[in-house]
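Right, one structure below, let's go through it.
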2 protein chains.
Amino acid sequence: MKSQKIPEATIIRLSVYSRYLKQLEKNGLITVSSGTIAEGVDGSPAQVRKDLAYFGEFGTRGVGYNVSDLNRYITKILGIDNKWNVIIVGAGNLGSALSQYKGFDERGFNVLALFDNDPEIVGKKAGKIPVFSAPRMTSFIKENNVEIGIIAVPAPFAQDIVDEMVGAGIKAILNFAPRVISVPDYVELRNVDLAVNMEVLTFNMTFQK
Amino acid sequence: MKSQKIPEATIIRLSVYSRYLKQLEKNGLITVSSGTIAEGVDGSPAQVRKDLAYFGEFGTRGVGYNVSDLNRYITKILGIDNKWNVIIVGAGNLGSALSQYKGFDERGFNVLALFDNDPEIVGKKAGKIPVFSAPRMTSFIKENNVEIGIIAVPAPFAQDIVDEMVGAGIKAILNFAPRVISVPDYVELRNVDLAVNMEVLTFNMTFQK
DNA sequence: CTCCTTTTGTGAAGATTATAACATACGCTG
DNA sequence: CAGCGTATGTTATAATCTTCACAAAAGGAG
Ligand SMILES: NC(=O)c1ccc[n+]([C@@H]2O[C@H](COP(=O)([O-])OP(=O)(O)OC[C@H]3O[C@@H](n4cnc5c(N)ncnc54)[C@H](O)[C@@H]3O)[C@@H](O)[C@H]2O)c1
Ligand SMILES: NC(=O)c1ccc[n+]([C@@H]2O[C@H](COP(=O)([O-])OP(=O)(O)OC[C@H]3O[C@@H](n4cnc5c(N)ncnc54)[C@H](O)[C@@H]3O)[C@@H](O)[C@H]2O)c1
């Protein structure tokens, strides 16, 4: 791979390609062309090839790509060829739902525990995932080699939890609280804001088309 | 507003500005500069002004923007100056959590009902939101003027539900199922894919920096 | 072994988006 | 009411991302 800045959009698409390839693989398909991938993910063949070209040459001219090889390459690129340990803070409606999400496990994300500060919830389980008390978070992160934290507490508490996570050595955070969060630049942060997504929909309904 | 294509990134930022302005308004702030907004949302002042400039002139030179006026304008732009009716299909872990999400109501999204095909769940309530049987969806959409549908069923069923929603006259769909979904181009669609978000994190941890 | 079809990989062109820079306008002070 | 400081609105510049077009390579047919 050439050392170069990779567009985030490319990474997002690679993840979608990977999901689609997995499906093709299950269907017993051996080879696939950029055109077929493009159809399957609602994109363009040139885009598919360009995205892959950032990382190497994975295809055979005149033939296409070997489905399972390509998926293995992409999986490696995305960094999910091995497992990641994850915790979720906030065992309310959203946190509990996330802890049950099969899509995490399937893609190599291992949710070890939930954390909450409500004594009514602490000690219980959400499915198979235990809920621990919030003050235990830091030591748990250190002892269990947790790299990724998910924020599912109410917005006013989000930054505090994030700071604690960062202090404990977490490397990446997925934030669901509708707040702008600060992290040092060696920590990866992504925000998932559902109201924002809804508002993009309503904007498009109201203005465009 | 000049008729022009607005970048989606601009809409996303406007939504975040709006959330931040609401906070400032609650704190009693009267006027705010593009610089202060930029700080609050972790952006640049030029970007803030540029985003607003697509839609008009909302500020006063040498002064800044009136906080509540600006927020009202943005709210209008985003199309959330009035309420939208929403349904959620799939009353499992995720669907139930979403139905309880306060952030929807706060921003003008009115979740009227959940739909599911599991007889164990149908007839119950998630908080105050009733769960109806899946076959009732089409008539409910028509009778209650539902414009937005949320997909929270397992991936293999997502396209079918979407088709039914579209047939019933739904105008926009927020999809949580990890599948590429097709809709006619007069229907707005957005996908929220959590595994993809996680994979962007792991990519950045593995490659960049 | 050569030709022909196919599909990749890529450099160049085009489109879009972000950043920077500055002239313009507003309000305040004296 | 004139001059000054400040923050907007906008034009110009730069950076980024996508699309296009085609040469290069592979495999298969004759
Ligand atoms: N419910 C949803 O579908 C949804 C969707 C998108 C975003 N969100 C956001 O996710 C967050 C959680 O939403 P929710 O609906 O699950 O709320 P919730 O009230 O059901 O759950 C929040 C949980 O966080 C716990 N908590 C509060 N402060 C804490 C702290 N300092 N340390 C540890 N735990 C703490 C509470 O005890 C509670 O169990 C909110 O920021 C919300 O805006 C929720
Ligand atoms: N759990 C999460 O946190 C999470 C996160 C992201 C995405 N998702 C996605 O959201 C979807 C739902 O996930 P979940 O964890 O809530 O699963 P779940 O199994 O808890 O819930 C799915 C619900 O859908 C219902 N259902 C199935 N087929 C249906 C149909 N044809 N019509 C109506 N209802 C039907 C089921 O009865 C069930 O109640 C899945 O596609 C999943 O990949 C879930």
Side-chain angles (χ1 to χ4, degrees), chain A residues 1-17 21 24 29-67 69-71 73-74 77 200 203-204 207-208, chain B residues 1-17 20-21 24 29-71 73-74 77 200 203-204 207-208:
Chain A
M1 162 204 177
K2 306 151 212 157
S3 191
Q4 181 184 1
K5 215 200 144 273
I6 314 290
E8 179 173 296
T10 289
I11 305 308
I12 292 172
R13 284 189 297 263
L14 283 177
S15 176
V16 176
Y17 301 160
L21 288 169
L24 294 183
L29 208 67
I30 305 298
T31 54
V32 66
S33 70
S34 58
T36 305
I37 296 175
E39 261 181 62
V41 303
D42 195 28
S44 81
Q47 184 78 82
V48 171
R49 295 199 300 275
K50 194 76 183 200
D51 286 337
L52 295 172
Y54 284 110
F55 301 97
E57 306 191 2
F58 306 113
T60 308
R61 295 175 189 217
V63 179
Y65 304 89
N66 177 289
V67 174
D69 285 354
L70 181 59
N71 196 23
Y73 287 129
I74 296 181
I77 291 166
V200 174
F203 172 82
N204 287 334
F207 273 75
Q208 327 267 62
Chain B
M1 162 203 178
K2 304 151 215 158
S3 191
Q4 180 185 3
K5 215 201 143 270
I6 314 291
E8 178 172 296
T10 289
I11 305 307
I12 291 172
R13 284 189 298 264
L14 284 177
S15 176
V16 176
Y17 302 160
Y20 181 62
L21 289 169
L24 295 183
L29 208 66
I30 305 299
T31 54
V32 65
S33 70
S34 58
T36 305
I37 296 175
E39 262 182 61
V41 304
D42 196 26
S44 81
Q47 183 78 81
V48 171
R49 295 199 299 275
K50 196 72 194 269
D51 287 337
L52 295 172
Y54 284 111
F55 301 97
E57 306 190 3
F58 306 114
T60 309
R61 295 176 190 213
V63 178
Y65 304 90
N66 178 290
V67 174
S68 59
D69 284 354
L70 181 59
N71 196 24
Y73 287 128
I74 295 181
I77 291 165
V200 174
F203 172 82
N204 287 333
F207 273 75
Q208 326 269 62

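Chain naming here is simple, since letters A, B, ... match the order of the sequence lines and numbering starts at 1 in each. On a predicted model such as this, the values are computed, not experimentally measured, just so you know.
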Distance in angstrom units between [X] [atom1] and [N] [atom2], rounded:
{"X": "A:Asp51", "N": "D:dC20", "atom1": "CG", "atom2": "P", "answer": "15 Å"}
{"X": "A:Phe55", "N": "C:dT10", "atom1": "CZ", "atom2": "C1'", "answer": "16 Å"}
{"X": "A:Ile6", "N": "D:dT18", "atom1": "CD1", "atom2": "P", "answer": "12 Å"}
{"X": "B:Lys5", "N": "D:dT18", "atom1": "NZ", "atom2": "P", "answer": "12 Å"}
{"X": "A:Glu57", "N": "C:dG9", "atom1": "CD", "atom2": "C1'", "answer": "6 Å"}
{"X": "A:Asp42", "N": "D:dT18", "atom1": "CG", "atom2": "P", "answer": "14 Å"}
{"X": "A:Glu8", "N": "D:dT18", "atom1": "CD", "atom2": "P", "answer": "11 Å"}
{"X": "A:Leu14", "N": "D:dT18", "atom1": "CG", "atom2": "P", "answer": "12 Å"}

Nearest-nucleotide pick for B:Arg61, side chain only, options being D:dT10, C:dA18, C:dA25: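 Selected nucleotide (nearest to the side chain): C:dA25.
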
Closest nucleotide among C:dT17, D:dT19, C:dA25 to the A:Ser44 side chain: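 My answer, after comparing the listed nucleotides, is D:dT19.
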
Measuring to OP1 and OP2 of [N], would you say a side-chain N or O of [X] lies under 4.0 angstrom away?
{"X": "A:Arg13", "N": "D:dT18", "result": "yes"}
{"X": "A:Ser33", "N": "C:dT7", "result": "no"}
{"X": "B:Tyr65", "N": "D:dG9", "result": "yes"}

Overall bend - the helix from C:dC1-D:dG30 to C:dG30-D:dC1, comparing terminal axes fitted on five pairs, nearest 10 degrees: 0°

Pairwise distance CG(A:Leu24) to CG(A:Asn71) - rounded to 0.5 angstrom: 9.0 Å

Toward the 5' end of DNA chain D, by each residue's nearest nucleotide, A:Gly62 or A:Lys50: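 The 5'-side residue here is A:Lys50.
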
Comparing B:Gly64 and A:Thr10 on DNA chain D - which has the more 5′ nearest nucleotide: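 Taking each residue's closest nucleotide, the earlier one in sequence belongs to B:Gly64.
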
Give the minimum heavy-atom separation between [X] and [Y], together with the two atoms involved.
{"X": "A:Phe55", "Y": "A:Leu14", "value": "CE1-CD1, 3.5 Å"}
{"X": "A:Pro45", "Y": "A:Ala38", "value": "N-CB, 3.4 Å"}
{"X": "A:Val48", "Y": "A:Tyr17", "value": "CA-OH, 3.5 Å"}

Could you check if a side-chain atom of [X] sits within less than 4.5 angstrom of a side-chain atom of [Y], using non-hydrogen atoms only?
{"X": "A:Leu52", "Y": "A:Tyr65", "result": "yes"}
{"X": "A:Ile77", "Y": "A:Tyr54", "result": "no"}
{"X": "A:Phe203", "Y": "B:Ile6", "result": "yes"}

Most 5' of B:Thr60 and A:Arg49 on DNA chain C, judged by nearest nucleotide: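 So the residue in question is A:Arg49.
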
